Amino acid sequence: MNILRNIARIIWTIIMVLVKFLAFMAVMLGGAYIMAPMGTINSKDIDMSLFTNTPNPTMMTIFNSEYFSGYLFSVTIAVVVFVIYLLWEIHEVAVHKAKEKKSTHIQLVFALSLCGLFLHKAWWVLAIIIAFANWKHIGASLSEVIRNGNSKLDLKDTSILEQSNNKEEEA
């Protein structure tokens with residue numbers, strides 16, 4: 001039964017990938033149709049015999065097509081939007097990590113991320129450090145350092161008092 005479920009899951013994944021690809025291509029071809037009037041080719045009347053390496057006539061027909069220019073324009077816009085989206089996701093990695101860890105610093109990390117976006121990248125680095133730090137471990141370590149410092153200070157204070165008492169007695 002598990003084998004059938006796994007096979008069905010794999011087939012469903014393949015179908016979803018194909019549907020997404022077809023939807024993407026439909027959007028790109030729609031964009032090509034819409035953007036085609038803006039892709040007027042001004043060099044259609046160039047004499048190709050002037051060039052030593054002329055492409056074949058079929059390729060030149062495709063290159064001189066306004067719909068091909070519209071398709072290239074829509075693909076370029078899609079790539080630029082996707083890259084901007086990826087850059088935003090990288091920029092928000094600190095906020096996502098803070099939410100994932102259910103940290104109490106989410107608002108601070110978000111504010112520092114925005115400061116890093118608009119003011120200076122050092123604020124973004126600070127947001128990354130705050131988001132990825134293990135604050136429970138840091139708090140426990142600091143408490144241990146303070147606890148150990150106080151106990152050693154108490155021992156030193158008593159030894160200093162004993163030394164001063166011994167000096168007073170000798171005098």
Side-chain angles (χ1 to χ4, degrees), residues 6 8-44 46 53 55 59-60 62-157 160:
N6 287 339
R9 186 177 45 86
I10 291 170
I11 290 173
W12 180 253
T13 303
I14 292 170
I15 289 172
M16 289 308 296
V17 167
L18 289 174
V19 166
K20 288 178 183 179
F21 175 74
L22 291 175
F24 174 76
M25 288 307 293
V27 168
M28 290 297 107
L29 291 175
Y33 181 74
I34 291 170
M35 308 266 181
M38 292 189 285
T40 303
I41 308 296
N42 295 321
S43 60
K44 283 185 177 181
I46 292 177
N53 257 1
M59 291 303 294
M60 283 312 296
I62 292 173
F63 291 151
N64 285 333
S65 169
E66 282 85 8
Y67 291 105
F68 181 72
S69 296
Y71 181 77
L72 288 180
F73 188 60
S74 61
V75 168
T76 303
I77 290 173
V79 168
V80 167
V81 167
F82 183 67
V83 167
I84 290 171
Y85 169 75
L86 290 179
L87 290 173
W88 179 256
E89 286 296 314
I90 288 173
H91 181 74
E92 288 293 309
V93 73
V95 175
H96 295 306
K97 184 65 173 183
K99 284 182 183 177
E100 176 187 312
K101 291 170 64 174
K102 296 181 178 138
S103 174
T104 56
H105 304 100
I106 294 174
Q107 291 175 337
L108 175 65
V109 169
F110 179 72
L112 289 173
S113 291
L114 286 180
C115 288
L117 182 64
F118 295 115
L119 298 176
H120 195 273
K121 293 301 175 202
W123 295 112
W124 182 73
V125 172
L126 183 61
I128 292 282
I129 291 169
I130 290 172
F132 281 84
N134 186 350
W135 289 103
K136 291 179 183 176
H137 180 71
I138 291 171
S141 297
L142 285 175
S143 296
E144 184 179 335
V145 166
I146 292 169
R147 196 176 315 111
N148 289 342
N150 284 340
S151 65
K152 289 179 182 176
L153 186 61
D154 291 341
L155 292 175
K156 287 180 183 177
D157 286 345
I160 290 172

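FYI, the numbering just counts along the sequence from 1. Keep in mind that this is a model prediction, so the values were computed, not measured.
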| Set of residues satisfying side-chain contact (heavy atoms from CB on, under 4.5 Å) with respect to I15, sequence neighbours excluded |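 So I15 forms a side-chain contact (heavy atoms from CB on, under 4.5 Å) with I11, V19.
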| said: Using the salt bridge (charged side-chain N to carboxylate O under 4.0 Å, His left out) criterion, which residues pair with E100? Sequence neighbours excluded. | reply: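 With neighbours one apart ignored, the set is K97.
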| message | Go through it in stages, so that I can follow the logic: the residues are R9 and N6, the test is side-chain contact (heavy atoms from CB on, under 4.5 Å), and I'd like the CA-CA distance, side-chain angles, deciding distance and then a yes or no. | response | CA-CA 5 Å; R9 186 177 45 86; N6 287 339; 3.4 Å; yes
| remark: side-chain contact (heavy atoms from CB on, under 4.5 Å) filter on L22, not counting sequence neighbours, yields none
| query | Which residues pass the side-chain contact (heavy atoms from CB on, under 4.5 Å) test with W12, sequence neighbours left out? | reply | M16
Return a table of donor-acceptor pairs under 3.5 angstrom between the side chains of residues 73-84 and protein atoms on other chains or two or more places apart.
{"residue": "S74", "atom": "OG", "partner": "M28", "partner atom": "O", "Å": "3.3"}
{"residue": "S74", "atom": "OG", "partner": "G70", "partner atom": "O", "Å": "3.3"}
{"residue": "S74", "atom": "OG", "partner": "Y71", "partner atom": "O", "Å": "2.9"}
{"residue": "T76", "atom": "OG1", "partner": "L72", "partner atom": "O", "Å": "2.7"}

| message | If the condition is side-chain contact (heavy atoms from CB on, under 4.5 Å), which residues does I14 pass it with, not counting sequence neighbours? | response | I10, L18
